[in-house]
J.: 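First the structure, then my questions, so here it is.
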Amino acid sequence: MKTRTCGELREKDAGTPVSLAGWVNRRRDQGGLIFIDLRDRWGITQVVVDLELAPAAHAIADRARNEYVLQVSGMVRIRPEGTANPELPTGDIDIVADEIVILNKSKTPPFYINREDGNVDEALRMRHRYLDLRREPMQQNMVLRHKTVKFIRDFLDAEDFIEVETPILFKTTPEGARDFLVPSRLQPGMFYALPQSPQQLKQLLMVGGIERYFQIARCFRDEDLRGDRQPEFTQLDLEMSFVEREDVMQLMERLASEIVKTLTPEKRLIAEPFQRILYRDALEQYGTDRPDIRFDLRAIDISHIAGRCAFPVFVENVKAGKPVKCLRVPGKAAALSGTQLRKEARDLENMARRAGAKGLAYITVPTEEEGELRGPIGKFFSVELKLELLDAVGAEGGDLLLFMSDEPEIVYAVTDALRNHFKAELQLDDNLLAFCWVIDFPEFIWDDEHERWDPSQHMFTMPLSEDLHLLDSDPGAARGSQYDLICNGYEVGGGSIRIHDRQIQEKIFPLIGQTMEHAMAEFGHMLEAFEYGAPPHGGMAWGIDRLVMLLAGTPNIREVIAFPKTQGGADIMAHAPSSADGAQLKELHIQLDLPEEPAD
RNA sequence: GGGGGCGUGGUGUAGCGGUUAACAUGCCGGCCUGUCAAGCCGGAGAUCGCGGGUUCAAAUCCCGUCGCUCCCGCCA
């Protein structure tokens, strides 16, 4: 139906007879002359329909409306002097139509397909996602996503990886996120679970001698949604045998860097090699294990100074072993009037309280013409102590210094909240991609509620070899081999060296509160596999959706997924989920036990 | 489970106790042979998400509810 696309014709094609097909992006009716911007995935080409040259085509063009599907036959022609459109790649030519066929009509779309600035209610876009996908930004995102996955496949193929598919119907995993369950008809009362990740299977592939495996894998987690989280999402899942942490990290770093340079040359990487941040430092300085390092706003521990001031809260906290930390906001005080500053301080304090703090102290650093430190707690610091403080945090005139003191976890939360607040003010550059590695996570994190250790990544993570002995003596101090790849505050991926030794794996279960019977029932196949010559192995999993989202420069994962779910986990186009009919449920031996509808 | 935001012609917004509910765009009709966010003229189109309440009077205030969204919890 089409001999050429709507994006490719140029001056050199003049005189070629062509047939184009696509959608009416816009129609401009001049009376005897009708212009139609015909759009397909590759671009827009202007079609000219002249009443005198082609009366039949003109009559059809007269009836055409936006989003009608047309097939146009005609001659490529260089546009008359002075009518070229430099905005359009095809703007030097147009098609003089001699025949137009309406392949299909279209109702007036519920929102604009042909406008860049279209700020449309997202629910409406989702209800008509097939129309939304026609819009230029979505077309670009879909292409970018394809190119990203294609690049990854080619890259890993060149590195001798092979792609292996693992089952979608698999086994429930009692740890971690909630599973999506699928009832088994053949085995009444039994359930498959959709994989949260192919973790176990890829390790078994390593035991199976695949050595270098990857998969573009769909994964499922039944947890609440976020702007960067969907219940089903796509991972680049990857595993390698006979590697150490450094081998995986270096290959993965090269992949990340080459993706960015090849697919989005307009983006800049903040640093190569990627900065490596210890988990402990990430928490202490940024208050999170996925720091956005595009801006340098870090909490500094000043307990050793604050403990000697006269502010009772600080003194008591330091005595009780709680840290006092300072966040220096450069130039913030100078930018605000006294009234504004007091309001800002109130807002920040409320923010800190929401994060769990009891308060938030501040002082401002004087510029040269002013004299004193201002702010409620300035008076508690002697002159010498003030100088020591300013020196410790590198303060300059006009800075706002914020002070947090509480249990470490609360200080982390406040640091994170404040950093996110100031980040929003900074209007950071989306074209800057600040990749960094976070490493040396603890192997376990203490779970107060269940009084046990939880794996900080998962139960198959190998502890660092120098910390292996700590599993017996001080599991809380053992570091795992985990590495997370962070970009602009998003966790793009994570991985680790895995346990391939049954004895080590068996030590993990009691620590995380599992009996050996339970472990055997759930993971016996893993333990058994480890006994048949499991090679040392490790790997990584990337969130493809998040990666593409960063490459596309959108903060919303739904923009890079063709048919995403709403925050309520629904597809409001096709109306999923939906109720099952009685016969289906009966066949599966399922009875519903729904909460009572409240009676009015 | 919790906190915040939004919901007004097809679309995007304004209005925030008394308006014939405004504007832009789109849509329909007309004119127009070089437009390209075309232009000009005319027209249709909204019980202001839904339910209840306060009031002489509600798009506007209050309560509830539904939908979408952002965040916390949750996400090995």
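Below, chain A is the first sequence line, B the second, and so on; all start at residue 1.
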J.: Does A:Gly568 or A:Asp121 map to a spot on RNA chain B nearer the 5' end, using the closest nucleotide for each?
T.: A:Asp121
J.: Mind checking A:Ile34 for me? I need base, sugar-phosphate or nothing, with any heavy atom below 4.0 Å counting as a touch.
T.: nothing
J.: Does A:Gln567 make a side-chain N or O approach to OP1 or OP2 of B:C70 shorter than 4.0 Å?
T.: yes
J.: Look at all strands and tell whether A:Gln46 reaches a base, only sugar-phosphate, or nothing, counting heavy atoms closer than 4.0 Å.
T.: base
J.: Roughly how many Å apart are B:U11 and B:G18, using the P atom of each and rounding to a whole number?
T.: 26 Å
J.: Do A:Arg502 and A:Glu528 sit within salt-bridge range, that is, some charged N less than 4.0 Å from a carboxylate O?
T.: no
J.: Using Watson-Crick or G-U wobble geometry with both distances below 3.5 Å, tell me the partner of B:G17, or none.
T.: none
J.: Base, sugar-phosphate alone, or nothing: which one does A:Pro110 contact when heavy atoms must sit under 4.0 Å apart?
T.: sugar-phosphate
J.: Name the residue closer to the 5' end of RNA chain B, choosing between A:Phe111 and A:Phe35 according to the nucleotide with the nearest heavy atom.
T.: A:Phe111
J.: Going by the side-chain contact (heavy atoms from CB on, under 4.5 Å) test, name the single residue among A:Asn25, A:Val72, A:Val69 that passes it with A:Leu38.
T.: A:Val72
J.: Please round to the nearest 0.5 Å and tell me the distance separating atom CD of A:Gln199 and atom CD of A:Gln235.
T.: 9.0 Å
J.: For B:C68 and A:Thr566 - does any side-chain N or O of the residue sit under 4.0 Å from the phosphate oxygens OP1/OP2?
T.: yes
J.: Under 3.5 Å, is there any donor-acceptor pair linking the side chain of A:Asn85 to the base of B:C36?
T.: yes
J.: When you measure from the side-chain N and O atoms of A:Arg127 to the phosphate of B:C68, is any distance below 4.0 Å, counting only OP1 and OP2?
T.: no
J.: Scan every strand shown for a Watson-Crick or G-U wobble partner of B:G9, both distances under 3.5 Å, and answer none if you come up empty.
T.: none
J.: Applying side-chain hydrogen bond (donor to acceptor under 3.5 Å, both in side chains) to A:Gln139 and A:Asn141, what does each step give before you reach the verdict?
T.: CA-CA 5 Å; A:Gln139 294 261 317; A:Asn141 288 351; over 6 Å; no
J.: Determine the interatomic distance between C1' on B:A44 and the same-named atom on B:G9; round to the nearest Å.
T.: 10 Å
J.: Check the pair A:His525 / A:Gln200 against side-chain hydrogen bond (donor to acceptor under 3.5 Å, both in side chains), numbers first and verdict last.
T.: CA-CA 10 Å; A:His525 56 289; A:Gln200 294 184 40; 2.6 Å; yes
J.: Applying the Watson-Crick and G-U wobble criteria at under 3.5 Å, what pairs with B:C40? Answer none if nothing qualifies.
T.: B:G30
J.: Students often get this wrong, so: under 4.0 angstrom with heavy atoms, is A:Arg65 touching a base, only sugar-phosphate, or nothing?
T.: sugar-phosphate
J.: Counting only side-chain nitrogens and oxygens, does A:Arg558 get under 4.0 Å of the OP1 or OP2 atom of B:C70?
T.: yes
J.: Check whether any side-chain nitrogen or oxygen of A:Asn420 sits under 4.0 Å from OP1 or OP2 of B:C71, and answer yes or no.
T.: no
J.: Is there a side-chain polar atom (N or O) of A:Asn114 under 4.0 Å from OP1 or OP2 of B:A37?
T.: no
J.: So A:Gln199, base contact, sugar-phosphate only, or nothing? Heavy-atom distance under 4.0 Å.
T.: base
J.: Heavy atoms from C-beta onward define the side chain here; which of B:C27, B:G12, B:C74 lies closest to that of A:Arg229?
T.: B:C74
J.: Pick base, sugar-phosphate or nothing for A:Ala541, based on heavy-atom distances below 4.0 Å to the nucleic acid.
T.: nothing
J.: Using a cut-off of less than 4.0 Å, is there contact between a side-chain N or O of A:Arg28 and OP1 or OP2 of B:G39?
T.: no
J.: What is the nucleic acid contact for A:Thr461, judged by heavy atoms within less than 4.0 Å: base, sugar-phosphate only, or nothing?
T.: nothing
J.: So what does A:Arg77 hit on the nucleic acid, given a heavy-atom distance under 4.0 Å: a base, only sugar-phosphate, or nothing?
T.: base
J.: Check this for me: does any side-chain nitrogen of one of A:Glu232 and A:Arg221 sit under 4.0 Å from a carboxylate oxygen of the other?
T.: no
J.: Hey, does the side chain of A:Arg26 come within less than 4.0 Å of B:U35's phosphate (OP1/OP2), counting only N and O?
T.: no
